[in-house]
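Below is one structure, written out as structure tokens; the observations come after it.
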Amino acid sequence: MAAIAAEKKLLLGGEWVETGDWSEVRSPYSGEVIGRVATAGAAEARRAVDAAEAAMREPLPAHKRAEILVRVAGSLGRRHEEVAQLISAEAGKPLKAARVEAARAMSTFTMAAVEARKLAGEMVPMDASQAGAGKLAFTLRLPIGVVGAISPFNFPLNLVAHKIAPALAAGCAVVLKPASQTPFSALLLAELETDAGLPPGWLNVLVGPASEIGDVLVEDPRVRAITFTGSGGVGWKLAERAPRKRVNLELGNATPVIVEADADLDDVATRLAANAFSFAGQSCISVQRIYVQRDAYDGLLARFVPKVESLVVGDPADESTDVGPLIDADARERVLAWIEEARDAGAEILTGGELEGDLIRPTVIANAAPELKVSCEEVFGPVCTVTPYDTLDEAIELANGTRYGLQAGIFTRDVKRALAAAQRLEFGGVTVNEAPTFRADQMPYGGVKDSGNTREGPAYAVRELTEERLVVLEL
Ligand code: NAP
């Protein structure tokens with residue numbers, strides 16, 4: 001599918017601008033050019049911050065912000081198929097999954113509109129102390145200031161939605177830098193925002209060299225918060241370099257799931273096959289490490305491996321495709337090298353482990369030692385490991401045994417064991433009888449340990465992008 005997005009300019013201070021420099025965006029599947037995009041550098045990034053700061057001098061009332069967000073949700077609904085095709089073309093995401101992402105972005109905007117209308121401070125019980133007696137106090141919840149937003153390639157629409165929509169709901173103007181490989185969904189969203197009546201400067205979208213634009217966001221004191229989704233290496237460095245800003249990080253995971261022997265193994269096999277390989281594993285909560293109680297190990301594999309083998313690998317534009325390409329050749333080579341490392345170390349490749357054309361077949365690895373990369377680092381590819389365990393304590397220790405802590409899951413019919421695990425799994429979220437890849441957009445979503453320091457989901461992100469101001473009245 002070529003030339004889907006054609007030529008796109010950048011949004012800066014309400015104008016669509018060219019910079020004289022263009023970069024090509026290629027299909028991760030076919031390598032064909034699908035369009036080109038104007039590229040910005042530090043000068044445009046500074047102009048974008050100027051525009052955002054100027055916009056915020058005339059605050060938009062909450063009802064206007066909510067109306068705009070609702071209109072964007074409506075446009076996403078009306079243009080659902082076009083949006084899904086665009087996601088699929090630029091990210092190489094199978095159409096089935098791209099349609100889910102497009103629908104989720106609509107939900108993200110809808111939830112953000114609700115938060116815009118609810119945003120309020122709270123009363124402080126002043127007569128609770130002698131010092132406060134005779135006074136009335138409350139807080140106002142105010143926008144933090146200009147927000148710098150940086151998003152990754154793997155959900156090029158909905159993760160941009162999770163940056164823009166809560167920031168606008170909170171009353172903050174945004175300078176957004178989407179991933180260079182997938183700029184078009186972000187630019188389409190910017191178009192929908194301006195069509196919905198967002199005044200100039202409230203949203204600025206820049207595509208270009210990440211470190212140049214990132215440096216402006218880090219160094220310019222008018223940018224009061226940076227909201228980043230992507231890899232830990234980049235994210236934690238941004239936080240280190242901007243100690244006086246709020247830097248909200250949504251990072252990676254090596255997602256574990258525990259399967260107890262009493263679980264419904266047919267159901268588990270179906271859910272895990274879908275959620276270890278959807279978008280070729282390029283989700284931060286793709287199922288990666290499966291720990292199975294020993295009594296159920298053979299039974300689960302007998303169900304799981306055939307389901308994995310029945311996944312359709314191929315062109316993301318094809319309606320039947322389950323597993324498409326990785327984002328680029330470097331990613332493919334890295335994942336293949338990690339599979340080889342496991343094979344060389346004596347792990348057993350139960351299925352996959354090789355290419356089908358240029359695509360990596362869904363790969364299941366048994367007997368992978370904990371120190372192998374496939375066991376302890378984020379694969380971000382169509383690979384999972386399966387490991388038997390004897391006790392729940394052992395399984396929890398294995399699940400907690402990496403530097404990551406975004407989401408984890410457990411399958412069991414025993415509610416006590418499920419809740420015990422939920423209390424002891426060191427993750428931002430734990431799913432029970434559902435794959436840990438599950439996310440509804442209103443949930444508080446985010447990690448502990450190396451996986452991040454914040455929670456997204458509009459209600460939570462809005463809190464992170466506002467500040468409370470105390471007002472005290474002498475009565
Ligand atoms: P990435 O390489 O860290 O890129 C993410 C964004 O950061 C891109 O826009 C990138 O720009 C930008 N960037 C790169 N270097 C930068 C710098 N020095 N300063 C400022 N910005 C910089 O991550 P990715 O490969 O796109 O995404 C995969 C990662 O994201 C995985 O680790 C995944 O787990 C994580 N992720 C986390 C969540 C979550 O919610 N927790 C969700 C999705 C993905 P360029 O594209 O121009 O390089």
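Each ligand, and each atom within it, is numbered from 1 in the order the structure gives.
- Which parts of ligand 1 touch N154 is read off a 4.0 Å heavy-atom cut-off, strictly below it: atoms 43 (C), 44 (C).
- The nearest protein atom to atom 40 (O) of ligand 1, hydrogens excluded, is given as Y445 CE2, 3.2 Å; this is a heavy-atom distance.
- The shell of residues lying under 4.0 angstrom from ligand 1, judged by heavy atoms, includes P178.
- Between P152 and ligand 1, a contact under 3.5 Å exists for no N or O pair.
- The pair K93-E101 counts as a salt bridge, with a side-chain nitrogen and a carboxylate oxygen less than 4.0 angstrom apart.
- No heavy atom of F155 sits closer than 4.0 Å to any atom of ligand 1.
- Ion pairing between a basic and an acidic side chain is recognised when a charged N comes within 4.0 Å of a carboxylate O; E32 and R26 show no such pairing.
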Checklist entry - What's the verdict on salt bridge (Lys or Arg N to Asp or Glu O under 4.0 Å) for K9 and E15, showing C-alpha distance, side-chain angles and the deciding distance? => result CA-CA 9 Å; K9 298 176 188 172; E15 308 270 310; over 6 Å; no
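- The part of L159 lying near ligand 1 is the side chain, judged by heavy-atom distances below 4.0 Å.
- Nearest protein neighbour of atom 39 (C) of ligand 1, counting heavy atoms only, is C284 SG, 3.4 Å.
- In summary, the side chains of K163 and T227 do present a donor paired with an acceptor at a separation below 3.5 Å, with no hydrogens or angles considered.
- Between the side chains of T19 and E44, no donor N or O sits under 3.5 Å from an acceptor N or O.
- Residue contacts with ligand 1, taken as heavy atom pairs separated by less than 4.0 Å, do not involve P209 at all.
- Between R271 and E434, at least one side-chain N (NZ, or NE/NH1/NH2) sits under 4.0 Å from a carboxylate O, which counts as a salt bridge.
- Here's the thing with R439: none of its N/O atoms is less than 3.5 angstrom from an N/O atom of ligand 1.
- Closer than 4.0 Å to atom 3 (O) of ligand 1 lies at least one heavy atom of the protein.
- Taking any N or O of S180, backbone or side chain, at least one lies under 3.5 Å from an N or O belonging to ligand 1.
- Only the side chain of I150 comes within 4.0 Å of ligand 1, judged by heavy-atom distances.
- When only modelled atom types and interatomic distance are considered, N453 and N248 share no side-chain donor-acceptor pair under 3.5 Å.
- We find that R141 and E467 are not joined by a salt bridge, their nearest charged nitrogen and carboxylate oxygen being 4.0 Å or further apart.
- The backbone N or O of G201 sits less than 3.5 Å from a side-chain atom of N204, completing a donor-acceptor pair.
- A side-chain donor-acceptor contact under 3.5 Å links S375 to the backbone of A369.
- At the shortest separation from atom 17 (C) of ligand 1 among protein heavy atoms lies V234 CG1, 3.8 Å.
- Residue, atom and distance of the protein heavy atom nearest to atom 25 (O) of ligand 1 are F153 CE2, 3.6 Å.
- Considering both main-chain and side-chain atoms, S231 comes within under 3.5 Å of ligand 1 through a nitrogen or oxygen pair.
- Among all non-hydrogen protein atoms, the one lying nearest atom 8 (C) of ligand 1 is S151 O, 3.3 Å.
- Set against the non-hydrogen atoms of F380, the atoms of ligand 1 under 4.0 Å away are 28 (C), 31 (C), 33 (C), 34 (O).
- Contact atoms of ligand 1 toward L406: 41 (N) (distance under 4.0 Å to a heavy atom of the residue).
- Taking 4.0 Å as the cut-off between side-chain N and carboxylate O, R36 and E24 do not count as a salt-bridged pair.
- Distance from atom 41 (N) of ligand 1 to its nearest protein heavy atom, with residue and atom name: L251 O, 2.7 Å.
- Note on E81 versus R99: salt bridge recorded, some NZ/NE/NH1/NH2 to OD/OE distance being below 4.0 Å.
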Checklist entry - Does the pair T229 and I150 meet the rule for a side-chain contact (heavy atoms from CB on, under 4.5 Å), with working shown? => result CA-CA 6 Å; T229 301; I150 302 176; over 6 Å; no
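- Among the atoms of E378, some N or O lies under 3.5 angstrom from an N or O of ligand 1.
- Less than 4.0 angstrom separates some heavy atom of G252 from each of these atoms of ligand 1: 32 (O), 34 (O).
- Among the atoms of G230, some N or O lies under 3.5 angstrom from an N or O of ligand 1.
- Nearest protein heavy-atom contact of atom 13 (N) of ligand 1 is A210 CB, 3.4 Å.
- Heavy-atom contacts of G214 reach the following atoms of ligand 1: 20 (C) (cutoff under 4.0 Å).
- S278 and D322 share no donor-acceptor pair across their side chains, judged by distance under 3.5 Å alone.
- Taking each heavy atom of A368 and V374 in turn, the nearest pair found is CB-CG2, 4.1 Å.
- Contact atoms of ligand 1 toward F228: 3 (O), 6 (C), 7 (O) (distance under 4.0 Å to a heavy atom of the residue).
- Among protein heavy atoms, atom 5 (C) of ligand 1 sits closest to T229 O, 3.8 Å.
- For K177, a nitrogen or oxygen atom sits less than 3.5 Å from a nitrogen or oxygen atom of ligand 1, counting backbone and side chain alike.
- In this structure, a donor-acceptor pair under 3.5 Å is present between the side chains of E377 and Y404.
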